[in-house]
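Worksheet: one structure, shown below.
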Amino acid sequence: MDEYLSRFAAGLGAIAVLGALAGCGGGKPVAAADRTGELTVWLTVDAQENWPDLVSEVNERFRKTYPKMKVAVQYQQWTTKNQKIDAALAGQHVPDVVEMGNSETTNYLVNGAFAPLDPSAFDHSAEWLPALRDACRSDGKTYCVPYYAGARVGIYRTDLLKKAGVTRAPRSYTELSRDLDKLKLKFGAADKNFSAFYMPGRYWYAAMAFVKDAGGEMAVRKDGRWHGALSSAPSVAGLTAWKELLDAYYAGDRSKDNGDEPAVVGQGKVGMFYGNTWEAKAATDSRSGGDPALRGRFATFAFPGPSGKLLPPFLGGSTLAVPAKSGNQDLARDWIRLFTDRTSQRRLIAADTLPNNTVQLREVAAGGVNGPAARAAGRGWVTPQAPGWGAVEKSNVLQEMLQDIATGKQSVPEAARAADRRIDAVINEN
């Protein structure tokens, strides 16, 4: 990306105050009510499909301060969003606000694509979820604002657990193993295709949660360079615990990932699985390969880890940034301020989405579908903020290591050492 993204010069102005916003050209300041033009906002289709009313409400709030400004919201697909952003940033006509996945930001920050922001201008910035906050920081500065989050949880078939003699969700790893044993005995003895727990071999988000639970890391920074850390003792312990769970309770293909998890669960041969809360609903939706007959038969729980604490989930989610080439940086920051303030976060909670801060996690209904996810989110993590981590993911290092472990091709230590060598080869590239 450094072929076209010029490094953002230090010292660009701080956030302008409302009512006396500087106009272009260095002339007399233009009052907010007199600002004219168009603010271009790129959001993903999640907002269009799940909270379009929130977008409309924020635009109306924004126009109360800037009545002559037009807000043009353009919705992007996740699969093509970054290519469009890259193309726009290579030219002179850029959107003023862009949505980024929290694991996508590093290269953009390193290459100066986004303008710095003052966290104190945004609600609950001191309580932003660490996994989202850290994705927005580079060299001590903040370059984006956390938007919303999602965390994986345990999901189980209430009817199957009841038939197996289990009356509530497990609260500890010991209880989890006990309940899975009962599911396996009740249903797996007669059906060799039944998985008490669904855990395909290449499901790296799940496996890395066990690594994190054991105190391990995927990569660490030492003496100014990044290094693979999967072969460390804690990481090996976490991978070993993951492999033991898979060996004991998973009956499926060990060479696949979790991409079709709702469809597989919808076939009715899974007692429990580890996934996003929306996957429970998807498992009952025929459009995603699920079975409508299973509606009302799933519940979620905060997944316990072998450590005795909750299993740390990968904290998926989005952030909002202002491209350094934007000509409306002050207005863009103010739109983001409204779109991520505590009022907007409450609207996201009502849409079954996790807020961007720990304070409002307490507003998520404990008994709702996202209650367990809210409990787990505080232990959430993101991928290493290393310049070459994108290359690590593209090369499928983690997936191939896990497949070798799951299929018995290599031992955990052997596979981890091989993965570290591959990570070391690309992780410091930019």
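Being a predicted model, the structure only gives us computed values, none of them experimental.
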For this session: Look only at the side chain of Ser232 and the backbone of Ala229, and say whether a donor-acceptor pair between them is shorter than 3.5 Å.
Result: yes
For this session: Answer with yes or no whether the side chains of Trp335 and Asn59 bring together a donor and an acceptor at under 3.5 Å.
Result: yes
Exercise. More than 12 non-hydrogen atoms from neighbouring residues, nucleotides or ligands closer than 6.0 Å to CD on Gln83, yes or no?
Worked result: yes
Problem set entry | Parallel, tilted or perpendicular: rings of Phe303 and Phe210 (30°, 60°) | perpendicular
Exercise. Do Met100 and Ile85 come within less than 4.5 Å of each other through their side chains, counting heavy atoms only?
Worked result: yes
Exercise. If only atom types and distance count, is the side chain of Asn356 paired as donor or acceptor with the main-chain N or O of Tyr148 below 3.5 Å?
Worked result: no
Exercise. With no hydrogens and no angle check, do the side chains of Gln403 and Ser255 hold a donor and an acceptor under 3.5 Å apart?
Worked result: no
Problem set entry | Where Pro384 and Trp226 come nearest, the two heavy atoms and their spacing | CB-CZ3, 3.8 Å
Exercise. Using a distance-only test with no angle check, is there a side-chain donor-acceptor pair under 3.5 angstrom linking Thr44 and Gln76?
Worked result: no
For this session: Please say which of His124, Arg346, Arg61 ends up in a side chain to side chain donor-acceptor pair (under 3.5 Å) with Asp341.
Result: Arg61
For this session: Could you check if a side-chain atom of Leu132 sits within less than 4.5 angstrom of a side-chain atom of Leu315, using non-hydrogen atoms only?
Result: yes
For this session: Measure from the side-chain N and O atoms of Ser286 to the backbone N and O of Gly289, and report whether any donor-acceptor pair falls under 3.5 Å.
Result: no
For this session: Give a yes or no on this: more than 12 heavy atoms of other residues, nucleotides or ligands lie within 6.0 Å of atom CZ of Arg63.
Result: yes
Exercise. Counting heavy atoms not belonging to Lys281, are there more than 12 under 6.0 Å from its NZ?
Worked result: no
Problem set entry | Where Ala373 and Leu354 come nearest, the two heavy atoms and their spacing | O-CD1, 3.8 Å
For this session: Evaluate the salt bridge (charged side-chain N to carboxylate O under 4.0 Å, His left out) criterion for residues Asp334 and Arg337: first the C-alpha distance (whole Å), next the side-chain angles of each, then the deciding distance (0.1 Å), finally the verdict.
Result: CA-CA 5 Å; Asp334 206 41; Arg337 180 184 64 81; 2.7 Å; yes
Problem set entry | Gly316 backbone acceptor or donor facing Asn102 side chain under 3.5 Å | no
Exercise. Are Asp291 and Arg295 within salt-bridge range, i.e. N to O under 4.0 Å?
Worked result: no
For this session: Look only at the side chain of Trp381 and the backbone of Pro312, and say whether a donor-acceptor pair between them is shorter than 3.5 Å.
Result: yes
For this session: Determine yes or no for a side-chain-to-main-chain donor-acceptor pair under 3.5 angstrom, with Ser344 supplying the side chain and Leu338 the backbone.
Result: yes
Exercise. Can you find a pair of side-chain heavy atoms, one from Met272 and one from Asp179, that are under 4.5 Å apart?
Worked result: yes
For this session: In plain terms, say whether Arg35 and Asp330 are close enough for a salt bridge, that is, a side-chain N and a carboxylate O under 4.0 Å apart.
Result: yes
For this session: List the atom of Ser235, the atom of Gly216, and the distance in Å for their closest heavy-atom pair.
Result: OG-CA, 3.3 Å
Problem set entry | Pair Lys141 + Asp139: basic N to acidic O under 4.0 Å | no
Exercise. With side chains defined as the heavy atoms from C-beta onward, is the minimum distance between Tyr75 and Val55 less than 4.5 Å?
Worked result: yes
For this session: Mark yes or no for whether Asp257, through its side chain, and Gly259, through its backbone, hold a donor-acceptor pair below 3.5 Å.
Result: yes
Exercise. Is Lys325 reaching over with its side chain to a backbone N or O of Gly91, donor-acceptor style, under 3.5 angstrom?
Worked result: yes
Exercise. Does any donor atom in the side chain of Ser231 or Arg417 lie under 3.5 Å from an acceptor atom in the other side chain?
Worked result: no
Problem set entry | Closest non-hydrogen atom pair, Val382 against Phe314 | CA-CE1, 4.0 Å
Exercise. Are any non-hydrogen side-chain atoms of Cys136 and Val145 less than 4.5 angstrom apart?
Worked result: no
For this session: Assess whether salt bridge (charged side-chain N to carboxylate O under 4.0 Å, His left out) is satisfied between Arg152 and Glu279, documenting all intermediate values.
Result: CA-CA 10 Å; Arg152 285 173 170 80; Glu279 291 183 273; 5.1 Å; no
Exercise. Is the closest side-chain heavy-atom distance between Asn50 and Val45 below 4.5 Å?
Worked result: no
For this session: Check whether the side chains of Trp389 and Gln385 place a donor and an acceptor atom closer than 3.5 Å, and report yes or no.
Result: no
Seminar exercise, completed: Between Ile155 and Ala280, the two heavy atoms sitting closest are CG2-CB, 3.8 Å
Problem set entry | Tyr66 and Asp34: side chain donor to acceptor below 3.5 Å | no
Exercise. Are the side chains of Thr340 and Gln345 in touch, meaning some heavy atoms are under 4.5 Å apart?
Worked result: yes
For this session: Verify, without hydrogens or angle tests, whether Thr319 (side chain) and Pro146 (backbone) share a donor-acceptor contact under 3.5 angstrom.
Result: no
Exercise. Is the shortest side-chain N to carboxylate O distance from Glu217 to Lys212 below 4.0 Å?
Worked result: yes
Exercise. Under the criterion ring-ring contact (aromatic ring centres under 6.0 Å, His included), which of Tyr250, Phe273, Tyr274 is the partner of Tyr198?
Worked result: Tyr250
Exercise. Is there a donor in the side chain of Asn357 and an acceptor in the side chain of Gln360, or the other way round, less than 3.5 Å apart?
Worked result: yes
Problem set entry | Minimum side-chain heavy-atom gap Arg157-Val270 below 4.5 Å | no
Exercise. Does a salt bridge link Lys309 with Asp213, judged by any charged N lying under 4.0 Å from a carboxylate O?
Worked result: no
Exercise. Closest approach of Pro355 and Val364, non-hydrogen atoms and distance?
Worked result: CD-CG2, 4.0 Å
For this session: For the residue pair Tyr147 and Phe339, categorise the inter-ring angle as parallel (less than 30°), tilted (30 to 60°) or perpendicular (more than 60°).
Result: tilted
For this session: Run the salt-bridge test on Glu400 and Arg422 with the 4.0 Å N-O cut-off and return the result as yes or no.
Result: yes
Problem set entry | Side-chain donor or acceptor of Thr353 paired with backbone N/O of Ile349 under 3.5 Å | no
